[in-house]
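This report concerns only the one structure given below.
Every number for a ligand or one of its atoms is a count from 1 in the order of the listing. What you are looking at is a predicted structure, and each value in this text was computed from that prediction instead of being measured.
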Amino acid sequence: MTQAILQNITLPVSQPFMPPYDELELLLKQVYDSRWLTNDGPMLKRLEKELMLKLGVNQLAAVTNGTIALQLAIKTLGLKGKVITTPFSYVASVSSLVWEGCEPVFVDIEPNGFNIDPEKIEAAITPEVTGILATHCFGIPCDVGRIQEIADEHGLKIIYDGAHAFGSTVKGKSIFNFGDISTCSMHATKLMHSGEGGFVVTQKHELLYRVKQQRSFGHSSVNSFDEVGINGKNSELHAALGLANMRHCTTILERREQQCHWYQERLGNTKLELPDVQRSDWNFSYYPIVFSGEKECTNTLIYLRRKGVEARRYFHPALNTVSLWRGQPCARAESVSKRVLCLPLFHELSEDSIDFIAQLVRECL
Ligand SMILES: *Cc1c(COP(=O)(O)O)cnc(C)c1O
């Protein structure tokens, strides 16, 4: 917030949900009194239990952040060589692959969406491809059924980067129940957060056991090690914040849905491409709008900024064009990434503010 004030921003693109201070304080006091600050402590275990209950998943492992969650997933599944992935995501999806020594193979996104296009995956499969890492971009579910069929046919593992997807569903089931492993971020900018944090979900007991072992240096017991690990733990202090927020997660999800409807009502009759707010499987975690051209998009960004409103080019540039690992051309992703803005969306954003932002956007069209 202080950063926003310094930059003369009255409406930031995002702002973390803050639980009532007394609720947080009670939990922090318990941590303080317990003298147990990290290493799979009681608060973290409580957070894991709450997450499982709320999301309807049988098991999960809380970790340091969403990036470590991805790296643990890649390591645990033993992905090597080439991995098919999306050019339209946050950089962490791809940098995690490269960090783990994999080579990303970029497959373009759907003609009418932001997620990887299953119909283009098959053409990219070669003998060196070992897996697929797909993002549920903005919390909108990938075509998990079709992707699973392709993976089964070719013996590929699937990781879903569900950093945006807390609360999204597929046919009423948690989105985290799909693929071999799903990951989530609980970073302060995400819909459900613990300051820093994340978790790994898999239905396979053996895989979760290994993720838990790897997040704690590979310890199988005090003085023995079954495999190479890393420090992927999260602290009791973060867990307390996460737990305090979890008590409000239904309200947070409902509020997002309402806010997206408010945007839709005010921008619906423009030539912008808008997300479908009628979907029942979406968590409404971001509000992306797509312009007809890049000039219109950047002009709007600048205009909003002059009026104290911060929008973001989520996601620009398309990841296949990053020179660090430059990949296959992806026409649709490259085009969308030049024309997309995410508008401010956070719990305390009022209907009046949304009215104001939408008015400014309309003035630019
Ligand atoms: C935020 C984000 C991550 C990384 O999560 P952290 O908790 O910040 O490490 C990974 N993938 C996507 C798509 C994200 O938006």
Side-chain angles (χ1 to χ4, degrees), residues 13-17 44 47 51 60-75 79 83-100 102 104 106-107 109 113-116 132-142 158-168 175-176 178-179 181-201 211 215 230-235 237-239 241-242 245 256 282-288 312-320 322 325 333 336-337 340-342 345-346:
V13 67
S14 114
Q15 189 175 282
F17 175 83
L44 190 94
L47 175 61
L51 287 167
L60 62 75
V63 298
T64 325
N65 56 54
T67 306
I68 288 283
L70 283 169
Q71 286 170 209
L72 287 167
I74 295 163
K75 203 76 149 187
L79 296 192
V83 177
I84 287 172
T85 193
T86 175
F88 196 75
S89 182
Y90 183 56
V91 68
S93 313
V94 174
S95 59
S96 299
L97 282 174
V98 176
W99 190 269
E100 294 301 334
C102 299
F106 293 95
V107 168
I109 56 176
F114 301 107
N115 290 330
I116 196 164
I132 300 168
L133 194 166
T135 301
H136 302 297
C137 198
F138 305 132
I140 299 166
C142 288
I158 304 171
I159 297 172
Y160 285 115
D161 181 347
H164 303 168
F166 186 100
S168 297
I175 200 161
F176 298 118
F178 295 85
I181 296 185
S182 289
T183 64
C184 189
S185 164
M186 294 182 79
H187 182 258
T189 54
K190 304 302 203 264
L191 180 139
M192 175 53 52
H193 77 88
S194 55
E196 289 275 1
F199 55 87
V200 175
V201 185
V211 167
R215 81 174 169 186
I230 194 168
N231 184 351
K233 295 177 274 108
N234 210 350
S235 79
L237 298 164
H238 290 93
L241 178 55
N245 286 339
R256 285 290 160 115
W282 182 31
N283 64 354
F284 303 91
S285 56
Y286 295 83
Y287 196 79
R312 279 279 167 84
R313 301 186 82 183
Y314 286 150
F315 289 101
H316 178 82
L319 295 173
N320 59 309
V322 172
W325 49 67
V336 169
S337 71
V340 65
L341 286 185
C342 279
L345 198 57
F346 52 90

Given 3.5 Å as the limit, does a donor-acceptor pair link the side chain of [X] with the main chain of [Y], or not?
X	Y	value
N245	H193	yes
T86	T135	no
N234	L44	no

All salt bridge (charged side-chain N to carboxylate O under 4.0 Å, His left out) counterparts of R256, not counting sequence neighbours: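 Checked R256 against salt bridge (charged side-chain N to carboxylate O under 4.0 Å, His left out); zero matches.
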
Show which side-chain atoms of residues 160-167 pair as donor or acceptor with protein atoms under 3.5 Å away, not counting sequence neighbours.
residue : atom : partner : partner atom : Å
D161    : OD1  : A163    : N            : 3.0
D161    : OD2  : S93     : OG           : 2.9
H164    : ND1  : F138    : N            : 2.8

Please list, chain by chain and in numerical order, all residues satisfying side chain to side chain contact (heavy atoms under 4.5 Å, CB included) with E196, sequence neighbours excluded.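 Testing E196 for side chain to side chain contact (heavy atoms under 4.5 Å, CB included), a comparison that skips the adjacent residues, returns N65, H187, H238.
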
Between ligand 1 and the protein, find all N/O pairs closer than 3.5 Å and give the distance for each.
residue  : atom   : partner : partner atom : Å
ligand 1 : 5 (O)  : S185    : OG           : 3.3
ligand 1 : 7 (O)  : G66     : N            : 2.7
ligand 1 : 7 (O)  : S185    : OG           : 2.7
ligand 1 : 9 (O)  : G66     : N            : 3.3
ligand 1 : 9 (O)  : T67     : N            : 3.0
ligand 1 : 9 (O)  : T67     : OG1          : 2.6
ligand 1 : 11 (N) : D161    : OD1          : 3.4
ligand 1 : 11 (N) : D161    : OD2          : 2.7
ligand 1 : 15 (O) : H164    : NE2          : 2.7
ligand 1 : 15 (O) : K190    : NZ           : 3.2

